Protein chains: 2
Amino acid sequence: MPRPQVPESQNQIDERTQLVLQEIVNSYIETTEPVGSRTLSKQLATPISPATIRNIMSDLAELGFLTQAHTSAGRIPTDKAFRYYVDSLAVADSLTEELQSSIQKLSAKGVSQVEELLSNTTKILAKLTQFACLVTAPKTAVSRLQRIEFIKVSTSKILVILVSKSGVVRNKFIEMTEKISQDFLNSISAFLNEQFRNRSFQEIRNQILESMVEDKERYDRLLAQAVRLGKKAFEVSDPPELYMDGHLNLLMSDAFGDRNDLRGLMSTFERKGQIMEVLDNTMQADGVRIYIGVENTHEGLRDCTLVTANYRNENNVLGTLGVIGPIHMDYQRIIPVVDYTSKILSQAITRHSYD
Amino acid sequence: MPRPQVPESQNQIDERTQLVLQEIVNSYIETTEPVGSRTLSKQLATPISPATIRNIMSDLAELGFLTQAHTSAGRIPTDKAFRYYVDSLAVADSLTEELQSSIQKLSAKGVSQVEELLSNTTKILAKLTQFACLVTAPKTAVSRLQRIEFIKVSTSKILVILVSKSGVVRNKFIEMTEKISQDFLNSISAFLNEQFRNRSFQEIRNQILESMVEDKERYDRLLAQAVRLGKKAFEVSDPPELYMDGHLNLLMSDAFGDRNDLRGLMSTFERKGQIMEVLDNTMQADGVRIYIGVENTHEGLRDCTLVTANYRNENNVLGTLGVIGPIHMDYQRIIPVVDYTSKILSQAITRHSYD
DNA sequence: ATTAGCACTTGCTCTCGTTGAGTGCTAACC
DNA sequence: GGTTAGCACTCAACGAGAGCAAGTGCTAAT
């Protein structure tokens, strides 16, 4: 999702015009009301008369930075204006101590599970931003194996436990027709642990599949069973895991005027798979990414802004977190929050890793 | 939450009046509009003139079954009317084949985890009812131990795996300061399995606590460690588990007119603990329970109806499921759906149990 | 006891001025 | 030539009033 490249010439606007645009966006972010020339004139530090501002506004409208609901209404910044604002005008606030310490709480005392860490992250983000917040679980494909165990829970059922380096535990039941003793299962897990420890799940999958096409005659019973169980254990059957919180904030906030707007958005949230896809698509990039309105490839998000950042351990990018809010969100506040949260989460999850 | 006991005399209303009341409620459920005497007269099978109906309505209003928004508006059934309707008038529809088979899908092919079963249940209920749907995870206190295992994942961290008879798997990390070998952990889990298999978590907790106050001199190292680890493993630190789906349906449906109504309701949903409590309180009773509007002890649900039923295996009630919808829901449809779902879930979860 | 008839109530909708914020243009100004 | 004051124009929002429709309550007749 590369940022739309606009010819420089088109956006070549002089300093004062820039100032006016900045102030319009600021004002709109603050009030969510169309902003008029008179009001703006008063707010502006440099005194410019309403008439002049009208001229400037007219220019900006022509360049596609402003629209108006009807001829006699004030101007509303377009998505393009917000993009411009975010790119060149906004100076990211440094976070207050208070915000910082709120965010640090995500890995507070006694958080022993990665799942809890991620869920805390969404909760804290939701609280601080008052928007919908998302965190993807560490990608299974790049996860590295820390430990695999098989536990026989009944004659035909085996519980598989997969622990990844990043601290994620996954449980899965396998049905077996033939009888296998717990001792034998232990041998198998010992073998698999020996063989695959520290390898990524993706690698393991591939290698197992390769093994299967090799000449089976060469296998002893242990190896054969290990391959069979391993295949089932590492199958990618798991639904994409996504932690989500605060989508009700959007409902509360009447930042989205129409109830129908909200409906569309909410049903997007219900399709977690789609949201996952959107987040995954942003994962290549680095740092905080911002997708404003029409810039969103996913149709359901065209009336929102998505702000995302990755989290990682020392070796790999593990997942993405993000917030979804109105296009007129307070970027100066939100961007650093997302940024800092991603860093704190990275730290926390690195501490949780086993090395 | 016992059903409010109303003196018989107050509700002693003759057959025709009953019929009118029934029809008013029916009509209101269908249209969500105040119902007037003229309209009702036409709908009624037995021909009664509008004027007579007005008299009857006047009586019903006096008895507290009907209200009206203003003098010249039609009548609206009160919560009391719905209670009367549900208790004595509604004949539960038998479920269509279609509905039955939809519900049976909750335990469709390849559902290997109880968690998935429960989550499927909320999804199916949400789809069929278009309301908010809830399922509580099997109560840990009454769960019986099937298997406990300890896996050492790093020098200081131990992963505990608790498998209950009902098929629920729970993971938990324990930090250990002193070093314990995996072999020793295996001995401990063997011991605990031997000792506590089939006992309820509550019993186990108690017994472990008892053991701790006993003379420690008598312990050998194994026993001492087993008690220590066991205590941590069975600690009730887990957040109450609640599966929820379809609360967005309520948002979509405009059955709740005001957006503020919805906000209150939604923030109730955000406090899962409160919802849990409400559901737990209903668990003593048997069969389908219905709490209409003011009958709800929890304030946030006073504008809703809650319909709940338990699910169970052969031995115990395991948890509760329920739907929350508008007071004017279609009871004839919803009640059998909840009832049947609870039965199918009971069956499915019984099949998942290990015996 | 039931019903027809009628006066009355009340919310809803439509229309039509009025108001006010805001624009666009033109002409004057520095 | 850029900036500003002034003025005519536009258009949503608000409010009052008329007409309408649905529904009630009461009274008198059946």
Side-chain angles (χ1 to χ4, degrees), chain A residues 12-21 23-28 30-78 81 254 257-258 328, chain B residues 12-21 23-28 30-78 81 254 257-258 328:
Chain A
Q12 210 61 32
I13 53 184
D14 71 51
E15 203 177 330
R16 199 182 54 177
T17 310
Q18 240 179 66
L19 208 77
V20 170
L21 181 53
E23 199 52 36
I24 291 173
V25 175
N26 269 333
S27 166
Y28 187 74
E30 201 180 327
T31 65
T32 333
E33 297 285 316
V35 6
S37 56
R38 191 185 225 106
T39 342
L40 196 62
S41 166
K42 285 179 209 153
Q43 276 168 23
L44 228 40
T46 332
I48 311 179
S49 82
T52 312
I53 290 177
R54 281 203 287 279
N55 289 330
I56 297 174
M57 279 175 156
S58 182
D59 295 346
L60 285 171
E62 214 165 320
L63 288 171
F65 287 108
L66 302 175
T67 36
Q68 46 191 162
H70 54 269
T71 34
S72 75
R75 297 310 216 289
I76 297 170
T78 61
D254 50 34
D258 198 348
H328 56 270
Chain B
Q12 211 59 35
I13 53 184
D14 71 50
E15 201 176 333
R16 198 182 53 178
T17 310
Q18 239 179 68
L19 207 77
V20 170
L21 180 54
E23 198 53 34
I24 290 174
V25 175
N26 270 331
S27 166
Y28 187 74
E30 201 180 326
T31 65
T32 332
E33 297 285 315
V35 6
S37 56
R38 192 185 223 106
T39 342
L40 196 63
S41 167
K42 283 179 209 152
Q43 278 169 21
L44 229 41
T46 332
I48 312 180
S49 82
T52 312
I53 289 176
R54 282 203 286 279
N55 289 331
I56 296 174
M57 279 175 157
S58 182
D59 294 347
L60 285 171
E62 215 166 321
L63 288 171
F65 288 108
L66 301 176
T67 36
Q68 47 192 160
H70 53 269
T71 34
S72 75
R75 297 312 215 288
I76 297 170
T78 60
D254 51 35
D258 198 347
H328 56 270

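These figures come from a predicted structure and were not determined experimentally. Each chain gets a letter, A, B and so on, in the order the sequences are listed, and its residues count up from 1.
One can place CD1 of A/I53 at 15 Å from C1' of D/dG2, the figure rounded to the nearest angstrom. For A/L40 and C/dA21, the CG to P distance is 16 Å, given to the nearest whole Å. Going from atom CG of B/D59 over to atom P of C/dT2 covers 11 Å, rounded to whole Å. If you measure from atom CZ of A/R16 to atom C1' of D/dT4, you get 11 Å, rounded to the nearest angstrom. The interatomic distance linking B/K42 (NZ) with C/dT3 (C1') rounds to 17 Å, in whole Å. Distance A/E15 CD to D/dG2 P: 17 Å, rounded to the nearest Å. Taking atom CD on A/E33 and atom P on C/dG20, their separation rounds to 18 Å, with Å as the unit.
Side-chain contact between B/V35 and B/R75 is absent, with no heavy atoms from C-beta onward closer than 4.5 Å. Between A/D59 and A/I13 the shortest side-chain heavy-atom distance does not fall below 4.5 Å.
Between B/I48 and B/H70, it is B/I48 whose nearest contact on DNA chain C lies nearer the 5' terminus.
Proximity of a side-chain donor or acceptor of B/T78 to a complementary backbone N or O of B/F65 within less than 3.5 Å is detected. Side-chain N or O atoms of B/Q68 include one that pairs as donor or acceptor with a backbone N or O of B/A73 at under 3.5 Å.
When the side-chain nitrogen and oxygen atoms of A/T52 are compared with OP1 and OP2 of D/dT3, none of them lie within a distance under 4.0 Å.
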>> Across nucleotides 13-30 of chain D, 5' to 3', mark each nucleotide with B, S or - according to how protein heavy atoms within less than 4.0 Å reach it.
In response: ---------BSBBB----

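Residues A/S58 and A/N55 have side chains that never bring a donor and an acceptor to within less than 3.5 angstrom of each other.
Atom CD of A/Q43 has more than 12 neighbouring heavy atoms from other residues, nucleotides or ligands inside a 6.0 Å radius.
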